[in-house]
Amino acid sequence: MLPIQNLVAAFDRVTEHWSPKIVGRVNNQLLKVAKVKGELVWHAHQDEDELFYIVRGRMRIEFEDHVAELGEGDFLTVPKGVRHNPVAEEECWILLIEPESTRHTGDETTPLTRSLAEQYA
């Protein structure tokens with residue numbers, strides 16, 4: 001029998017903002033949950049698309065030429081190579097769907113950058 005998981009309960013594993021936790025896999029795509037607040041960093045993923053789904057709260061994703069405002073139930077796919085900066089004024093819960101090869105903050109490294117091993121923890 002396959003295990004049933006609860007998306008909202010998966011957020012119990014997240015103890016720090018901007019520190020995603022891997023909760024599942026579909027083919028080569030990882031499902032990650034994260035609690036975000038404040039600003040991450042301007043970055044791009046050169047070879048991977050990245051999907052943001054808002055489970056709770058609101059956030060915006062800044063792009064070089066516009067800003068996308070997202071609320072609960074909204075999702076947005078950031079195409080590979082597109083510079084973006086996720087920002088949440090208040091705590092926001094997100095589900096990320098992205099290939100395993102996706103580096104957390106692209107080619108940028110900050111104190112918020114998490115390795116794949118840290119995301120599996």
Revision key, fill the gap. Residues G71 and R58: closest non-hydrogen pair is CA-NH1, 3.5 Å

Practice item. Assign the ring pair W93 / F11 to parallel, tilted or perpendicular, where the plane angle (0 to 90°) is split at 30° and 60°. Key: parallel

Point to revise | Path from L7 to L96 over hydrophobic side-chain contacts below 4.5 Å | key: no

Review point. Do N28 and E100 come close enough that some side-chain heavy atom pair is under 4.5 Å?
Key: no

Review point. Are L95 and F75 connected in a single hydrophobic cluster, I mean Ile/Leu/Val/Met/Phe/Trp/Tyr linked by side-chain heavy atoms less than 4.5 Å apart?
Key: yes

**Study point:** CD1-OG1 distance between I97 and T77, expressed to the nearest 0.5 angstrom
**Key:** 8.5 Å

Review point. Can you check whether I22 reaches L116 side chain to side chain, under 4.5 Å on heavy atoms?
Key: yes

Practice item. Give a yes or no on whether a salt bridge exists between E89 and R60, defined as a side-chain N under 4.0 angstrom from a carboxylate O. Key: yes

Exercise for review: Give the cluster check for V55 versus L31: same hydrophobic cluster or not, with ILVMFWY residues linked at side-chain heavy-atom distances below 4.5 Å.
Suggested key: yes

Practice item. Could you pull out the closest heavy-atom pair between E39 and V87, with the gap in Å? Key: CG-CG2, 3.9 Å

Exercise for review: Check for a donor-acceptor pair, side chain of N6 on one end and backbone N or O of V8 on the other, with a separation under 3.5 Å.
Suggested key: yes

Study note, to complete from the structure: Of all heavy-atom pairs linking A34 and P20, the shortest is CB-CA, 3.9 Å

Exercise for review: Could you check V33 against R13 for side chain to side chain contact (heavy atoms under 4.5 Å, CB included), going step by step and ending with a plain yes or no?
Suggested key: CA-CA 9 Å; V33 294; R13 294 183 48 203; 5.7 Å; no

**Study point:** Minimum heavy-atom distance E72-G57, with the two atoms named
**Key:** OE2-N, 3.1 Å

Check your understanding: Between P86 and M59, what is the shortest heavy-atom contact and its length?
Key -> CB-CE, 3.5 Å

Point to revise | Heavy-atom pair with the smallest gap, counting every atom of Q29 and P99 | key: OE1-N, 3.3 Å

Check your understanding: What orientation do F63 and H66 show, parallel under 30°, tilted 30 to 60°, or perpendicular over 60°?
Key -> parallel

**Study point:** Gap between atom NZ of K32 and atom CD of Q119 - 0.5 Å precision
**Key:** 3.5 Å

Check your understanding: Do L112 and V41 sit in the same hydrophobic cluster, where Ile, Leu, Val, Met, Phe, Trp and Tyr count as joined when their side-chain heavy atoms come under 4.5 Å apart?
Key -> yes

Check your understanding: Would you say E90 has more than 12 foreign heavy atoms packed within less than 6.0 Å of its CD?
Key -> no

Check your understanding: Donor-acceptor pair, H43 side chain versus D107 backbone, under 3.5 Å?
Key -> no

Check your understanding: How far does CZ of R56 sit from SG of C92, to the nearest 0.5 angstrom?
Key -> 10.5 Å

Practice item. Going by the salt bridge (charged side-chain N to carboxylate O under 4.0 Å, His left out) test, name the single residue among K21, R114, K35 that passes it with E16. Key: R114

Check your understanding: In Å, rounded to the nearest 0.5 Å, how long is the span from CD1 of I94 to OH of Y53?
Key -> 12.5 Å

Point to revise | Within-4.5 Å side-chain heavy-atom neighbours: K37 and H17 | key: yes

**Study point:** Test log, rule side chain to side chain contact (heavy atoms under 4.5 Å, CB included), inputs H45 and K80
**Key:** CA-CA 5 Å; H45 306 284; K80 63 184 172 186; 5.7 Å; no

Exercise for review: Give the C-alpha distance, both sets of side-chain angles, the deciding distance and a yes or no for salt bridge (charged side-chain N to carboxylate O under 4.0 Å, His left out) between E64 and R83.
Suggested key: CA-CA 7 Å; E64 292 178 329; R83 286 182 48 79; 3.1 Å; yes

Review point. Are I61 and V82 linked, directly or through other ILVMFWY residues, by side chains that come within less than 4.5 angstrom of each other?
Key: yes

Point to revise | Any donor-acceptor N or O pair under 3.5 Å, side chains E118, S115 | key: yes

**Study point:** Heavy atoms of other groups near N27 CG, more than 12 under 6.0 Å
**Key:** no

Check your understanding: Going by distance alone, is a donor N or O of one side chain under 3.5 Å from an acceptor N or O of the other, for E50 and H84?
Key -> yes

